[in-house]
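Residue numbering restarts at 1 for every chain, and letters A, B, ... go by the order of the sequence lines.
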Amino acid sequence: MIGKGVRTVADNILLIDGNSITFRAFYATYTSLDRFTNSDGVHTNAIMGVNNMLDNLLASQNFDKILVAFDAGSKTFRTAKYGDYKAGRQKTPDELLEQLPLVKEMLEGHGIVHYELANYEADDIIGTLAKQADAAGDHVLVVTGDRDLTQLATDRVTVAVTKKGVTELEEYTPAYVQAKLGVTPRQIIDLKGLMGDTSDNYPGVTKVGEKTAIKLIKQFGSVEDLYAHLDDLKASKMKEHLVADHDQAVMSKDLATIRQDAPLTIGLDDIDFKGPDYEQLRAFYQRMDMRQALKRMGGQGTAPAAQVEYTELTADNLAAAMQLHAPVAFELEMLTENYHTAKVEGFVVADAEHTFVSTDTSLLQDMEFALWLGDPARQLTVFDAKRNLVAGRHLGLDLHPDFDALLASYLLNPDENSNDLGQLAREHNYDALPADEDVYGKGAKLHLPDRDVFCNHLAQKGAALLALRPRLTTELANQDETKLFTDLELPLARVLGDMEYNGISLDTAILAEMGKQLSGSLAVLEQQIYADAGHEFNLNSPKQLGVVLFEDLGLPVVKKTKTGYSTSVAVLEQLQTAHPIIQKILTYRKISKIQSTYVVGLQDAVQPDGKIHTRYLQTLTQTGRLSSVDPNMQNIPARGDGKQVRHAFVPSEPGWELFSADYSQIELRVLAHISGDAHMQEAFKEDRDIHANTAMKIFGLKSADEVTPDMRRQAKAVNFGIVYGISDFGLARNIGITRAQAKAFIAGYFEQYPQVREYMDQMVATAREQGYVETLLHRRRYLHDIHSRNFNLRSFAERTAMNTPIQGSAADIIKVAMVRMPAAVAAAHLQARMLLQVHDELIFEAPATEMDQLRDVVAGVMDAAIKLDVPLKVETNHGRTWFDAK
DNA sequence: GTTCTCACG
DNA sequence: ACGTACGTGAGAACG
């Protein structure tokens, strides 16, 4: 063993100027300061900047010792000598001050020593240690945002100064200083003596700037030698200034000199880099809401100590598995996200005592075991109920999970919806499960790992699920969301799973024929457009199209995007009269969209059974709506030429039809209900045309007869605007009026519907007070930016506070209807199947003979879903295809 | 992987 | 003074 202080190998040492780096990090993202806050409103931009810089440094080389030095306070031996030192500096912003102790805490998490010393600046600490290290033959990297520290550079000490931001560094070695300034590092002090420093507020010699100082020091070597040989200079204004300011020059040099003999209470032996305490660091990142950092850390340091003992499940010990006690964790593992097509690679079934894992899915075909697993009375905990239900159904299982960690987490906070159990568990302070990505890889590297690695991972998932269940259950109760979870979302997962599993039939012959027609039209348009442009180009490229329109053809630029000219519909419509090419491009765009996304895209999505099986994402949107992927069945064209594609959606059985039912004006009805506005409620109770009603109100008309179509159109836009969280700017832009006019409309609206204004104000106030808003069924959305000092972010949060209870409550309502629908359909002895949901609309297929009854059943369930103070209105249609059912 | 454009409620 | 309507997903281009 090597004795203390006796070292045979040079150490690699990193010394960081903590204050200066934190300041740089803070100001690097100062303009979007409020984008970086945690849920307590604490700013984190500087912490994140320092953290990123550290990560980069630590990745670039191995350090044996690291110290981050901080200033102890504004009073130092320098201020004692010269009262004005660093005087006149602006007060450090509170948003930065609050981060300094947190930066230190983060350093501790990284296992890095930090230090400060009364009366000395961080520079002096670094200077002193750098000198000691240099003498010991170690290699030192000094990192700072302050150029003054370059005076410390030697053959063994490199000074890296941040360039822009904090991650790009400029490294100063003696040779680099020489090349850049023509002096040695030590002579930088002499330069500062002559030049002074405006930011540190000391003077130097009058009229001497960098150029003159460099010339003088190159000639004389130092301030002292300069004054010793002042006689060599011929008489000049400069010489007079040098003589007059001699004392200032000497003092300034003294101030600029970084001490290398500060009375430190620590030494090189005290700054060993121990490496991070992952647990502490992870907790810190979580508290700061530093998601990227958490993600980068991944499962590092998550103790494989948390190895879960497991038994391989075989046909011989199925009986033992069936002895497991409630609650039981269950998970079907797939490597890809589309569970309609993915292979189930294995499964885990576990309770608090025992864990069984298997890669043999045929075991699930065991009748007794399948019945045991699917017993509705069994408390079964899963992660993503719908995924397990659908995949299970493919294997012949009929599961009845009573807890879903993903759904629960989503309801607690819609931001916490990671599809990775390990990551989601970490959000809830369970750290023992690595992310799937770390075990299976991703992209091209995705693979099934070695059998024991895979089984162990599955076993860990079982343990994580069991650990999460009680905490999430408690939190749901705390947030008054238990019913929302148990009675709505969990049953909905089954309903949605059935809809997806059923799928909707697509007549691909119809699409193929459409495709042929469209290809022809596109080819013709393409040639015409090339002729107008004078040359061929890629007309699907907004970039190339921009060049053609605004450079080749010289059309006026209406709007720019971040990267170039905007060529969106709004822009092209304004240019329509300017050139015949525009109309052709608009038509091309329309047809091309229909062709690529719908005609081709939908055919590609058809499964071997001739059906489309979309996946509804139940835990994605911030409002509680569903979304739909692979393919998106919620944005099939409903107007214009594109609507023709709806002809391709047909019933899956002969003699059947498609049936659709949609809520009329559900969002405005919800608004009338939750605002309690008497005027708006009256309009709905009397089933009046709400847009015409609003037109009468804001235009001050006596009767509905006076409402012109244009007034109604504008009033409709106002109604929409209200739902979105109105702004005069947005309304003005939407209907092409001035901002002043829009403002007048809004004022008129609020005068006529006074309780709507109260509701808007109340929601913003609620968001400010409690940090979140809620829907009718207590679905929550947190709005961090509501306190932001950034106007944009704050305004956005305010509009969201107004919109989310409306959009989210409408989502609650249709979800209630969906959950009740299967029982109602069965009770009426109908064969009808619910196939799709499009936010305020449900689509079914059923025998043509059932249509009349189906209308009563479906409209009845939808009407009665949630009792509001205004009636809900449901409109229905049916026909041979989706096109005809609208 | 990001940006632009456009489809839906 | 700031500069946007709310909520989504997919295809194509491009770095």
Base, sugar-phosphate or nothing for [X]? Non-hydrogen atoms, less than 4.0 Å.
X	answer
A/L620	sugar-phosphate
A/D630	sugar-phosphate
A/G721	base
A/T800	sugar-phosphate
A/V723	nothing
A/N734	base
A/A717	base
A/S568	sugar-phosphate
A/N632	sugar-phosphate
A/R794	nothing
A/V569	sugar-phosphate
A/E841	nothing
A/I806	nothing
A/T804	nothing

Output yes when [X] and [Y] qualify as a salt bridge under the 4.0 Å nitrogen-oxygen rule, no when they do not.
X	Y	result
A/D710	A/R713	yes
A/K445	A/E437	no
A/R625	A/E667	yes

Residues 715-748 of chain A vs ring pair (Phe, Tyr, Trp, His ring centres under 6.0 Å), sequence neighbours excluded, gives A/F699-A/F745
message: Does B/dG9 have its OP1 or OP2 closer than 4.0 Å to a side-chain nitrogen or oxygen of A/R625?
response: no
For A/Y753, does the six-membered ring have the charged nitrogen or CZ of A/K697 within the cation-pi criterion, i.e. under 6.0 angstrom from the centroid and within 45° of the normal?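 The answer is yes, since A/K697 meets both limits relative to A/Y753.
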If pairing means Watson-Crick or G-U wobble with both distances under 3.5 Å, then the partner of C/dA12 is B/dT3
Paired to C/dA1 by Watson-Crick or G-U wobble criteria (both distances under 3.5 Å) is none
Using the [atom1] atom as the reference point in each nucleotide, state the distance between [N] and [M] in Å, no decimals.
N	M	atom1	result
B/dC6	C/dA1	C1'	33 Å
C/dC2	B/dA7	C1'	32 Å
C/dA5	B/dC4	P	13 Å

Should we count NZ of A/K643 as having more than 12 external heavy atoms under 6.0 Å? yes
Donor + acceptor pair across side chains of A/Y530, A/E526 (<3.5 Å):
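On atom types as modelled, these side chains qualify, holding a pair under 3.5 Å.
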Exercise. Answer yes if the side chains of A/S675 and A/E758 hold a donor-acceptor pair under 3.5 Å, and no otherwise.
Key: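 A/E758 and A/S675 do not have a side-chain donor-acceptor pair below 3.5 Å.
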Atom [atom1] of [X] to atom [atom2] of [N]: distance rounded to whole Å?
X	N	atom1	atom2	value
A/Q544	B/dT3	CD	C1'	15 Å
A/L602	B/dA7	CG	P	14 Å
A/Q837	B/dC8	CD	P	17 Å
A/I591	B/dC6	CD1	C1'	15 Å
A/K593	B/dC6	NZ	P	8 Å
A/I813	B/dG9	CD1	C1'	15 Å
A/E667	B/dC8	CD	P	17 Å
A/Q807	B/dG9	CD	C1'	8 Å

Between A/H839 and A/R799, name the one whose nearest nucleotide on DNA chain C is closer to the 5' end.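 Nearest nucleotide further toward 5': that of A/R799.
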Given 3.5 Å as the limit, does a donor-acceptor pair link the side chain of A/D677 with the main chain of A/A672, or not?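 No, the answer is negative, given that no donor and acceptor are paired below the 3.5 Å cut-off.
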Item to complete: Give me the first and last nucleotide of DNA chain C, going 5' to 3', that has any atom under 4.0 Å from a heavy atom of chain A.
Response: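 Contact span on the strand: C/dC2 to C/dG15.
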**OP:** When you get a sec, tell me which of B/dA7, B/dC6, B/dT5 is the closest nucleotide to the side chain of A/T561?
**Re:**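 Nucleotide nearest to A/T561's side chain: B/dT5.
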